[in-house]
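Notes to accompany the following structure.
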Amino acid sequence: MTARAIFLLFLVSSVACTPQQALISALIPDGTASVLLGHLQGVEDGNRRRIAELEQLGDWAGLVRFADSNIVIDPVSPEWRLIGGYAHARQRDFRSAAHYFGEMVRLAPHDVAGYEFLAEAQRAGGEPRRAVLTLERAMRIGRESPTTYGILGNAYADLGSDAEAITAYRRALEIDPLMVPALWGYGAASVRAGRLDDARGAARVLRQAGSPLAERLDALIAGQ
């Protein structure tokens with residue numbers, strides 16, 4: 001699973017109404033099953049097909065039950081925690097989602113994706129400070145991920161810490177200059193911080209990338 005897909009997948013699952021949390025939907029295909037299945041290296045084909053069926057039906061309660069039944073069979077599988085957490089997030093039960101993603105981290109502590117999913121669950125559940133702590137743990141793994149920095153920027157923005165958010169978004173963009181969620185976050189935080197030239201630069205890149213968020217950012221800038 002690519003860093004960008006991870007970032008976008010959870011934001012889609014949170015069904016949040018703010019652009020900062022929903023902007024990733026444009027980068028995800030119509031169905032997210034293919035994204036999920038790309039992360040399930042240890043799951044047999046029959047189970048993969050059932051996951052895809054439940055996801056396409058939107059049967060999130062059924063997907064939770066399916067994940068739980070497989071956790072009983074394979075209690076040390078981080079993959080089934082990913083599925084269970086994703087299904088709970090689609091039901092907007094972010095506390096339960098965080099529990100599953102926390103178990104994913106416990107079982108696969110060197111997989112940065114688990115920390116990123118956990119942090120997004122914490123953000124969606126109204127706990128951005130915990131998300132910051134989770135992402136700091138992820139960064140100690142030693143493998144830099146633009147997704148980690150992008151989510152960190154969002155968490156700082158949730159806290160109203162725009163200077164820290166800008167620093168995190170910049171780091172994400174140093175790694176992936178075309179990361180649309182980070183470009184939006186950087187631009188919006190720059191507007192709030194009165195750094196309009198930086199915001200215009202982000203809007204320019206968003207336009208070049210064909211993102212509709214360029215118009216939203218332009219509107220924010222015009223309102224200053």
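In this text, all values refer to a predicted model and were calculated from it rather than measured experimentally.
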Go through the steps to decide whether Q208 and L178 satisfy the test side chain to side chain contact (heavy atoms under 4.5 Å, CB included), and finish with yes or no. CA-CA 10 Å; Q208 292 170 350; L178 296 179; over 6 Å; no
Joint cluster assignment, F117 & V76, ILVMFWY side-chain distance < 4.5 Å: no
Closest non-hydrogen atoms of A165 and G153, given as atom of the first, atom of the second and distance, are CB-O, 3.4 Å
Might you point out which heavy atoms bring A172 and M179 nearest each other, and give the distance in Å? CB-SD, 4.3 Å
List for me each residue that meets side-chain hydrogen bond (donor to acceptor under 3.5 Å, both in side chains) alongside E136, sequence neighbours excluded, and say none if there are none. none
What is the distance from atom CG of D93 to atom NE2 of H99, rounded to the nearest 0.5 Å? 11.0 Å
Are side-chain heavy atoms of L217 and V191 found at a separation under 4.5 Å? yes
After noting the C-alpha distance and the side-chain angles of L118 and Q122, does the key distance pass the side chain to side chain contact (heavy atoms under 4.5 Å, CB included) rule? CA-CA 6 Å; L118 175 57; Q122 291 165 335; 3.7 Å; yes
Suppose we screen for side-chain hydrogen bond (donor to acceptor under 3.5 Å, both in side chains). Which residues come up paired with Y100, at least two apart in sequence or across chains? D68
Taking a hydrophobic cluster as the set of Ile, Leu, Val, Met, Phe, Trp and Tyr residues connected by side-chain heavy atoms closer than 4.5 Å, whether directly or through intermediates, do I141 and L133 fall within one such cluster? no
Mind checking what makes salt bridge (charged side-chain N to carboxylate O under 4.0 Å, His left out) contact with E127, not counting sequence neighbours? R130
Euclidean distance, D158 CG relative to R123 CZ, rounded to 0.5 Å: 4.0 Å
Kindly indicate whether the side chain of V132, heavy atoms from C-beta on, has any atom under 4.5 Å from the side chain of L159. yes
With sequence neighbours excluded, what pairs up with R106 under the salt bridge (charged side-chain N to carboxylate O under 4.0 Å, His left out) test? E103
Is a side-chain N or O of D59 found less than 3.5 angstrom from the main chain of E55, in a donor-acceptor match? no
May I ask whether Y156 and M139 are part of the same hydrophobic cluster, defined by side-chain heavy atoms of I, L, V, M, F, W, Y residues being less than 4.5 angstrom apart, directly or through others? yes
Mind running side chain to side chain contact (heavy atoms under 4.5 Å, CB included) on L63 and R90 for me, showing each step along the way? CA-CA 10 Å; L63 188 54; R90 292 306 299 254; over 6 Å; no
Less than 4.5 Å apart, side chain to side chain, heavy atoms only: is that true for E164 and L152? no
Tell me if the centroids of the rings in Y186 and Y169 come within less than 6.0 Å of each other. no
Pairwise side-chain contact, F66 with N70, heavy-atom cut-off 4.5 Å (strictly under): yes
Before you tell me yes or no, could you show the steps for I71 and S77 under side chain to side chain contact (heavy atoms under 4.5 Å, CB included), namely the whole-Å CA-CA distance, both residues' side-chain angles and the distance that decides it to 0.1 Å? CA-CA 7 Å; I71 287 171; S77 166; over 6 Å; no
Under the rule for side-chain hydrogen bond (donor to acceptor under 3.5 Å, both in side chains), what residues qualify as partners of Y149, not counting sequence neighbours? E144
Ion pair R207/D218, N-O distance below 4.0 Å: yes
Among residues at least two apart in sequence or on other chains, which ones pass salt bridge (charged side-chain N to carboxylate O under 4.0 Å, His left out) with R95? none
Are L107 and M104 connected in a single hydrophobic cluster, I mean Ile/Leu/Val/Met/Phe/Trp/Tyr linked by side-chain heavy atoms less than 4.5 Å apart? no
With side chains defined as the heavy atoms from C-beta onward, is the minimum distance between R216 and W184 less than 4.5 Å? yes
Considering non-hydrogen atoms only, spot the tightest contact between P177 and V205 and give its length. O-CG1, 4.2 Å
Can you find a pair of side-chain heavy atoms, one from L196 and one from R200, that are under 4.5 Å apart? yes
How long is the gap from CG on D74 to OG on S69, to the nearest 0.5 Å? 11.5 Å
How long is the straight-line distance from CZ of R50 back to CG of N47, given to the nearest 0.5 Å? 10.5 Å
Tell me whether R171 at atom CZ has more than 12 heavy atoms from other residues, nucleotides or ligands lying less than 6.0 Å away. yes
Which atoms form the tightest heavy-atom contact between L206 and A214, and what is the distance? CB-CB, 3.8 Å
Supply the atom-to-atom distance F94 CZ to E120 CD, rounded to the nearest 0.5 angstrom. 10.0 Å
Any side-chain heavy-atom pair of V64 and Q91 under 4.5 Å: yes
Is it true that a side-chain atom of Y115 and a backbone atom of H110 form a donor plus acceptor pair closer than 3.5 Å? no
Taking all non-hydrogen atoms of both residues, which atom of I175 and which atom of P146 are closest, and how far apart? CG2-CD, 3.7 Å
So which heavy atom on F101 is nearest to which on Y86, and how close? CZ-N, 3.5 Å
Do D198 and R170 have side chains that get closer than 4.5 Å, going by heavy atoms? yes
Inter-residue atom distance R81.CZ - I83.CD1, 0.5 Å rounding: 12.5 Å
